[in-house]
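On a predicted model such as this, the values are computed, not experimentally measured, just so you know. Keep in mind that the numbers below use all heavy atoms, side chains included, and drop hydrogens, waters and symmetry copies.
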Amino acid sequence: MEKVIDESQQGSTLSLEKNENNGRKLYIESYGCQMNFSDSEIVASILAKEGFNTTQNLNDADLVLVNTCSIREKAEQTVRKRLEKFNAVKRTKPNMKVGVLGCMAERLKSKFLEEEKIVDMVVGPDAYKDLPNLIQEIDEGRNAVNVILSKDETYGDVAPVRLNSNGVSAFVSITRGCDNMCTFCVVPFTRGRERSRDPQSILEEVNDLWERGFKEITLLGQNVDSYLWYGGGLKKNFDQASEMQKATSVNFAGLLELVAQAQPKMRIRFSTSNPQDMTLDVIEAMAKHRNICKYIHLPVQSGSNRILKAMNRLHTREEYFELIDDIRKIIPDCAISQDMITGFPTETEEDHQDTLSLMEYVKYDFGFMFAYSERPGTLAERKMEDDVPETTKKRRLQEIIEVQQKHSHYRTQQHLGKTEEVLIEGASKKSEAHWMGRNSQNTVVVFPKEHYNVGDFVNVKINECTSATLIGEAVGYSENN
């Protein structure tokens with residue numbers, strides 16, 4: 001639940017330029033968070049070299065892959081239904097092979113392969129480079145599985161194919177895995193221990209994206225703030241590094257500086273942050289560089305110290321307030337968003353009120369709010385009873401959503417009358433006559449098209465707002481063009 005899940009993207013298929021020399025067709029669907037969509041690009045890049053072109057027509061496919069998510073029960077049910085659909089097609093096309101990638105792979109490998117026999121191949125998130133060997137196995141009629149979690153795989157040497165992109169913004173993966181054992185989260189078990197990617201390979205990817213016309217990147221990881229490069233290896237082994245390795249190590253603030261300086265006209269965003277790992281030097285780097293966007297996604301999950309402890313969140317309510325105060329002091333116009341889980345095991349009405357009062361203190365710009373649902377394989381599922389009634393969860397969630405909507409409107413109103421730089425991403429969903437883009441704070445801005453184009457940085461005067469959208473008029477190009 002740490003990662004933002006864009007509902008509009010769920011189940012979307014990848015499509016990239018055809019290579020006339022490739023004779024086989026790959027159909028790949030992605031579910032879950034941005035990390036999964038980024039991984040699908042890596043998979044497509046590896047398989048393009050193995051003779052596969054992508055197709056968006058299931059019936060044409062030689063190989064069907066589903067990149068899965070274990071974060072929420074809904075995603076798992078959806079993937080199951082899709083696998084049933086693929087198998088129905090397979091009955092009329094027996095040479096078609098079906099595989100499951102990603103976070104569900106490790107946990108459900110025996111169920112999918114042996115018990116239900118609904119897939120030919122199961123591939124974990126660290127095993128994508130092994131795909132050529134695994135495909136050879138299934139081509140020869142054998143089931144194939146590799147769900148081994150790696151201590152060093154970061155895919156730093158695989159240039160992702162940018163698929164279904166708006167050509168303006170791209171994700172750049174900087175870490176894999178997670179060391180934070182939050183009791184509600186399955187990520188450490190599905191993506192392994194945390195390791196960081198070589199900063200040089202990140203800079204090369206960023207520079208390449210700029211050369212290809214991209215104007216904005218999001219540095220991506222389960223927990224970006226704990227990025228730490230010291231020549232390779234797991235973050236948890238840093239204390240065993242040599243003095244030279246420690247002296248030349250690069251932390252997240254250092255990486256932000258390197259990226260911001262490498263491409264001063266490119267917008268830099270990052271996601272996701274963890275309150276226990278975010279340090280002052282990161283906030284100071286944001287304040288120092290104009291091209292680092294003034295927006296932090298800072299999941300808190302609960303406002304109650306008792307529940308935070310039960311979740312194994314290694315920060316308190318008071319420490320979170322201190323961090324918020326530091327952000328507001330150093331970057332007064334910084335937008336902050338949240339993830340919130342309501343109805344966690346043993347949550348009382350008092351705990352719920354603590355969450356509401358925390359929200360009143362912070363007044364988030366926007367948020368991603370969920371009722372707790374037990375996830376198989378998590379510590380909470382193994383050790384805690386899901387004892388908050390569904391009706392109570394729903395009522396508390398509704399109260400949280402209502403408070404957030406009030407605060408979102410309060411925050412968008414702060415922009416009224418201001419002129420803000422907007423990067424045009426595409427046409428507005430509601431009107432072909434309007435452009436849609438985002439300001440530095442990640443708020444959607446809509447304004448008449450006039451003579452501007454996708455990818456332009458435009459100064460927009462904000463005249464109206466809803467709780468989610470700013471409405472204005474362009475007053476000219478920004479100095480960033």
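Note: I307 CD1 to E350 CD = 10.5 Å, rounded to the nearest 0.5 Å. Of the inter-residue distances, the one linking I202 atom CD1 with L258 atom CG reads 9.0 Å to the nearest 0.5 angstrom.
Side-chain contact between R267 and K215: absent, with no pair of heavy atoms (C-beta onward) separated by less than 4.5 Å. Proximity of T272 to P299: side-chain heavy atoms (C-beta onward) are separated by under 4.5 Å at one or more points. No side-chain heavy atom of Q222 sits under 4.5 Å from any side-chain heavy atom of N274. Counting heavy atoms from C-beta outward, Y31 and N36 have side chains that stay 4.5 Å or more apart. Using a 4.5 Å cut-off on side-chain heavy atoms (C-beta onward), K288 and L256 make no contact. Side-chain contact between F184 and R313 is present, with at least one heavy-atom pair separated by less than 4.5 Å. When side chains are defined from C-beta on, T355 counts as touching M340, because their heavy atoms get closer than 4.5 Å. The side-chain heavy atoms of I424 and Y452, taken from C-beta on, include a pair separated by under 4.5 Å.
Among all heavy-atom pairs drawn from M286 and C293, the shortest one is CE-O, 3.3 Å. The shortest heavy-atom contact between G343 and D386 is O-OD1, 4.4 Å. A pairwise comparison of heavy atoms in I296 and S273 identifies CG2-OG, 4.0 Å as the closest pair. The heavy-atom pair separating S38 from S173 by the smallest distance is OG-CB, 4.2 Å. Of all the heavy atoms in P199 and L255, the pair that sits closest is CB-CD1, 4.0 Å.
Shown here is E319, whose CD atom has more than 12 heavy atoms of other residues, nucleotides or ligands within 6.0 Å.
Side-chain contact, H352 with E347: no donor N or O sits under 3.5 Å from an acceptor N or O. Remark: the Q353 side chain and the S357 side chain contain no N/O donor-acceptor pair separated by less than 3.5 Å. In this structure, a donor-acceptor pair under 3.5 Å is present between the side chains of H297 and D339. No hydrogens or angles considered: nothing links the side chains of N305 and T316 as a donor-acceptor pair under 3.5 Å. Defined by atom type and a distance below 3.5 Å, a donor-acceptor pair is missing between the side-chain atoms of Y295 and T443.
Residues in residues 432-460 take part in these salt bridge (Lys or Arg N to Asp or Glu O under 4.0 Å) pairs, two or more places apart or across chains: E425-R438, E432-K449. Here ring pair (Phe, Tyr, Trp, His ring centres under 6.0 Å) pairs that include residues 376-406, with residues two or more places apart or in two chains, number zero. Residue pairs meeting the ring pair (Phe, Tyr, Trp, His ring centres under 6.0 Å) criterion with at least one partner in residues 396-434, sequence neighbours excluded, do not occur; the list is empty.
Within the 3.5 Å criterion, the main-chain N or O of G377 finds a donor-acceptor partner in the side chain of E381.
With salt bridges taken as basic N to acidic carboxylate O contacts below 4.0 Å, none links D325 and K329. Electrostatic pairing of K393 and E390 counts as a salt bridge here, judged by a charged N lying under 4.0 Å from a carboxylate O.
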Contacts under 3.5 angstrom, residues 362-369 side chains, donor-acceptor by atom type, not counting sequence neighbours:
{"residue": "K363", "atom": "NZ", "partner": "E360", "partner atom": "O", "Å": "2.9"}
{"residue": "Y364", "atom": "OH", "partner": "Y320", "partner atom": "OH", "Å": "2.7"}
{"residue": "D365", "atom": "OD1", "partner": "I336", "partner atom": "N", "Å": "3.1"}

Without placing hydrogens or testing angles, list every side-chain donor-acceptor pair under 3.5 Å for residues 474-481, not counting sequence neighbours.
{"residue": "S478", "atom": "OG", "partner": "E421", "partner atom": "OE2", "Å": "2.7"}
{"residue": "S478", "atom": "OG", "partner": "N480", "partner atom": "N", "Å": "3.1"}
{"residue": "N480", "atom": "ND2", "partner": "K265", "partner atom": "O", "Å": "3.1"}
{"residue": "N481", "atom": "OD1", "partner": "F457", "partner atom": "N", "Å": "3.2"}
{"residue": "N481", "atom": "ND2", "partner": "F457", "partner atom": "O", "Å": "2.5"}

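By the side chain to side chain contact (heavy atoms under 4.5 Å, CB included) test, P389 pairs with T391, T392, sequence neighbours left out.
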(request) Assess whether salt bridge (Lys or Arg N to Asp or Glu O under 4.0 Å) is satisfied between E402 and K406, documenting all intermediate values. (result) CA-CA 6 Å; E402 283 168 10; K406 178 183 78 173; over 6 Å; no
(request) Go through the steps to decide whether F321 and Y361 satisfy the test ring pair (Phe, Tyr, Trp, His ring centres under 6.0 Å), and finish with yes or no. (result) CA-CA 8 Å; F321 283 157; Y361 185 92; 4.1 Å; yes
